[in-house]
Amino acid sequence: MAAETLAASGARVLVAEAMPTPARKFLMAGKSGLNLTRDEPAGAFAARLSMGAALAAHPAHFGQDDLRALVRDFGPAEVMGWARGLGIALFTGSTGRVFPVGMKASPLLRAWLSRLDGAGVVLRTRWRWGGFDGAALVFDTPEGALRLTPAVTVLALGGASWPRLGSDAAWVPWLRAAGVGIAPFRPANMGFRVDWSPAMAPLVGRAVKGTALAAGALSSRGEWVIARAGIEGGGVYEIAAALRDGAPGTVDLAPDLDPAGLAARLARPRGRLSVGNWLRRVLGDPVRVALLLEWGRPLPDDPRALAARIKALPLRHAGPMGLDRAISSAGGIVSDALTPDLELRARPDVFAAGEMLDWEAPTGGYLLTACLATGRHAGRAAAARLRA
């Protein structure tokens, strides 16, 4: 997006891509359906993004208000218009998530690369950046070592999740050596490890539906999955940041029933039914019953107390899964290392965008939209620098 913006301003642009082919993480994001954005008001959308460092607002730094402002400027409506401009038909799902009609990322990527090529953007693959040498950038290329001294540079090197796709955070030492503050990377939008009892083994791979998850100020009604190593899926990812940061999590196994109504159901005589079969009649779902038996024992005998347990079942986990399995990462270049134009304060004429920055957002189109918006913002600032 930075390259497209710079080329539109008339600049000569070269994209140095470390991998053999471009946009591998973009393609991975579209493996099960490319969720480009979320069709909701720009203000509500922007509110789901947060900067990692809790720093006071400063007019010379890139802060949370700046992040949200640039996404309001290039948010869901603009991303949808941009994709349609590439000839990609879109549809909006029942949850507001926006996808290409064909679901895949590859047609959009082909159209985008073709447009960049038509604008004169030069793409070089297997060009791995190796840091700075004075004013120059050093690259390891198939033709050997190369030094470039561009007028402006936009770094879009990714965070630290899915390193095999290129986001390996190898750039961190070079920027730190240049005086750029960088917060340690942590997993974001990740699953959590759970030491399941043997009784849960038959449920591995099953989706958990009809629950509400909560942790800290975050909540979710999304589906999630019982995995062999723990819990994963969109519902979990929406509350993952709070869980990771130490907030206790709860699961409401009957979110559409109020406590009094649920207690009334639980007060009915059980007869000869086993506890499991009785609970299945009340909750209507063996997966939710299994979770109650896994995380809720010893079960209270009093119907009101049992209803309270079902409505706020403790989510017991053994910590987040690692960066290599996380959808995205928190951490990166901190707020006060950047100007509001995303220029490195320690390295003038060098800008940064995307997951290099210390921000995070839930899945559901927020991540891709914000990456596009920061790339566009950095590209516009770099183009303005060339005109100055």
Side-chain angles (χ1 to χ4, degrees), residues 47-48 50 95 186-197 199-200 203-267 275-276 278-321 325-328 330 360-364 366:
R48 300 299 299 273
S50 60
T95 61
R186 299 180 294 162
N189 292 296
M190 66 293 182
F192 287 79
R193 294 178 287 109
V194 177
D195 299 321
W196 298 118
S197 71
M200 295 295 291
L203 297 176
V204 168
R206 293 284 295 273
V208 183
K209 304 179 181 181
T211 66
L213 301 175
L218 303 178
S219 61
S220 170
R221 286 294 301 263
E223 291 185 16
W224 44 292
V225 176
I226 296 172
R228 191 172 305 280
I231 55 175
E232 298 179 310
V236 172
Y237 302 154
E238 287 198 57
I239 65 165
L243 279 179
R244 178 200 63 209
D245 293 343
T250 59
V251 185
D252 185 345
L253 297 173
D256 297 321
L257 288 174
D258 62 33
L262 179 58
R265 292 190 182 192
L266 294 167
V275 171
W278 170 62
L279 289 170
R280 275 191 286 275
R281 284 196 176 185
V282 174
L283 296 177
D285 179 10
V287 177
R288 282 181 277 163
V289 171
L291 287 168
L292 176 61
L293 296 176
E294 182 76 7
W295 286 338
R297 285 176 165 163
L299 298 179
D301 293 326
D302 177 71
R304 288 174 297 182
L306 182 54
R309 180 73 51 84
I310 291 170
K311 295 289 290 180
L313 180 68
L315 193 163
R316 307 188 191 280
H317 65 87
M321 295 179 181
R325 295 189 60 170
I327 289 178
S328 60
E360 61 181 310
T363 57
Y366 301 100

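Since we're looking at a predicted model, the values are computed, not measured.
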>> Side chains of Asn189 and Tyr366, heavy atoms from C-beta outward: is any pair under 4.5 Å?
In response: no
> With a 4.5 Å heavy-atom cut-off, do Arg288 and Val251 have their side chains touching?
Replying inline: no
> Rounded to the nearest 0.5 Å, how far does CG of Asp245 lie from CG of Leu243?
Replying inline: 9.5 Å
>> Tell me the closest heavy-atom pair linking Gly276 and Val289, and the distance in Å.
In response: O-CG1, 4.0 Å
>> Donor-acceptor pair, distance only, cut-off 3.5 Å: does the side chain of Arg309 make one with the backbone of Pro298?
In response: yes
>> Between Arg48 and Glu360, is the side-chain contact (heavy atoms from CB on, under 4.5 Å) condition met? List the steps.
In response: CA-CA 9 Å; Arg48 300 299 299 273; Glu360 61 181 310; over 6 Å; no
> Could you go step by step and tell me if Tyr237 and Leu213 meet the side-chain contact (heavy atoms from CB on, under 4.5 Å) rule?
Replying inline: CA-CA 10 Å; Tyr237 302 154; Leu213 301 175; over 6 Å; no
> In this structure, are over 12 heavy atoms from other groups packed under 6.0 Å from Arg304 atom CZ?
Replying inline: no
>> Any salt bridge linking Glu232 with Arg193? Criterion: basic side-chain nitrogen under 4.0 Å from a carboxylate oxygen.
In response: no
>> Under a 4.0 Å threshold between the charged nitrogen and the carboxylate oxygen, would Arg221 count as salt-bridged to Asp256?
In response: yes
>> To the nearest 0.5 Å, what is the distance between CZ on Arg265 and CD1 on Ile310?
In response: 10.5 Å
> Which value, rounded to the nearest 0.5 Å, describes the distance between Asp252 atom CG and Ser220 atom OG?
Replying inline: 12.0 Å
> Side chains of Leu292 and Arg297: closer than 4.5 Å at any heavy-atom pair?
Replying inline: no
>> Using the rule given for side-chain contact (heavy atoms from CB on, under 4.5 Å), can you reason through Leu315 versus Phe192, listing the C-alpha separation, both sets of side-chain angles and the distance that settles it, and then say yes or no?
In response: CA-CA 10 Å; Leu315 193 163; Phe192 287 79; 5.6 Å; no
> Which pair of non-hydrogen atoms, one from Arg244 and one from Pro187, has the smallest distance, and what is that distance?
Replying inline: NH1-O, 2.9 Å
>> For Glu294 and Ser197, which I'm curious about, is there any donor-acceptor pair between the side chains at under 3.5 Å?
In response: yes
> Which heavy-atom pair separates Ala305 from Pro300 by the least distance, and what is that distance?
Replying inline: CB-CB, 3.6 Å
> Closest heavy-atom contact between Leu218 and Ala241?
Replying inline: CD1-CB, 4.4 Å
>> Under a 3.5 Å distance rule, please check whether Lys311 uses its side chain to pair with a backbone N or O of Leu253 as donor and acceptor.
In response: no
>> Just so I know, are the side chains of Val282 and Leu266 near enough to count as touching, which here means a heavy-atom distance under 4.5 Å?
In response: yes
> Taking all non-hydrogen atoms of both residues, which atom of Arg280 and which atom of Pro286 are closest, and how far apart?
Replying inline: CD-CB, 3.8 Å
>> Restricting to non-hydrogen atoms, name the atom on Pro255 and the atom on Gly210 that form the minimum distance, rounded to 0.1 Å.
In response: CD-O, 3.2 Å
> Are side-chain heavy atoms of Leu203 and Trp196 found at a separation under 4.5 Å?
Replying inline: no
> Leu293 versus Leu299: any side-chain heavy-atom pair under 4.5 Å?
Replying inline: yes
